Amino acid sequence: RALQNERMRLKVFRNDVGINYRVRSVFRRQFDRRQRTFSELLDVERELFDSKVRQVKSEFVEFFGIYKILELLLIGEVSKYIMKFLGLYF
């Protein structure tokens, strides 16, 4: 369940990054035409950076969740093998 929730969050974060790329592009053109200040451009760059950080953190949480699931599956399989080897598993 947690992994599904993180995947939904990751989808939102990826969308945010895409939107922020487009916003930055618009602000950059406006800055080049002197319609935006350097400070406004920096604010947009910071928002893009922050959205990328959220995306990368979410990707890490997703990968870690997958790792934990695989680890539990592997431990379960190893336990079954040991029990079978010891004659305790039928």
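The structure presented is a predicted model; accordingly, all values stated were derived computationally and were not measured.
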Q.
Does Arg54 form a side-chain hydrogen bond (donor to acceptor under 3.5 Å, both in side chains) with Ser58? I'd like the steps, not just the answer.
A. CA-CA 6 Å; Arg54 287 189 294 272; Ser58 183; over 6 Å; no

Q. On the ring face of Phe27, is Arg36 found with NZ or CZ under 6.0 Å from the centre and within 45° of the axis?
A.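 Arg36 over Phe27 ring: yes.
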
(Q) Is the shortest side-chain heavy-atom distance between Leu70 and Leu74 below 4.5 Å? (A)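 No, every pair of side-chain atoms sits at 4.5 Å or beyond.
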
Q) With a 4.5 Å limit on heavy-atom distance, are the side chains of Glu6 and Arg9 in contact? A)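 Counting from C-beta outward, Glu6 and Arg9 do come under 4.5 Å.
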
Residues that [X] engages under side chain to side chain contact (heavy atoms under 4.5 Å, CB included), provided they are two or more places apart:
X     : result
Glu59 : Leu10, Arg14, Gln55, Val56, Phe63
Gln4  : Arg1
Thr37 : Ser39, Glu40
Lys52 : Val17, Tyr21, Leu48

Q) So Glu62 and Ile66, side-chain contact (heavy atoms from CB on, under 4.5 Å) or not? Walk me through it. A) CA-CA 6 Å; Glu62 179 192 30; Ile66 292 169; 4.2 Å; yes

Q: Show your working on side-chain contact (heavy atoms from CB on, under 4.5 Å) between Val23 and Ile19 and close with a plain yes or no.
A: CA-CA 6 Å; Val23 169; Ile19 290 169; 4.2 Å; yes

Q. Any ion pair linking Arg28 and Asp32 (charged N to carboxylate O, less than 4.0 Å)?
A.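 So Asp32 pairs with Arg28 through a salt bridge.
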
Q.
Walk me through whether Asn20 and Val44 qualify under side-chain contact (heavy atoms from CB on, under 4.5 Å).
A. CA-CA 7 Å; Asn20 284 321; Val44 170; over 6 Å; no

**Q.** Asp43: salt bridge (charged side-chain N to carboxylate O under 4.0 Å, His left out) partners, not counting sequence neighbours
**A.**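 Asp43 satisfies salt bridge (charged side-chain N to carboxylate O under 4.0 Å, His left out) with no residue once adjacent residues are dropped.
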
Q | With Lys68 via side chain to side chain donor-acceptor pair (under 3.5 Å) - residues at least two apart | A |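 With sequence neighbours excluded, Lys68 shows a side chain to side chain donor-acceptor pair (under 3.5 Å) to Glu71, given in chain and number order.
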
Q) Can you tell me if CZ on Arg34 sees more than 12 non-hydrogen neighbours from other groups inside 6.0 Å? A)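 Check fails, neighbour count at 12 or below.
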
Q: List the steps and the verdict of side-chain contact (heavy atoms from CB on, under 4.5 Å) for Lys57 and Phe60.
A: CA-CA 5 Å; Lys57 285 181 178 180; Phe60 174 78; 5.7 Å; no

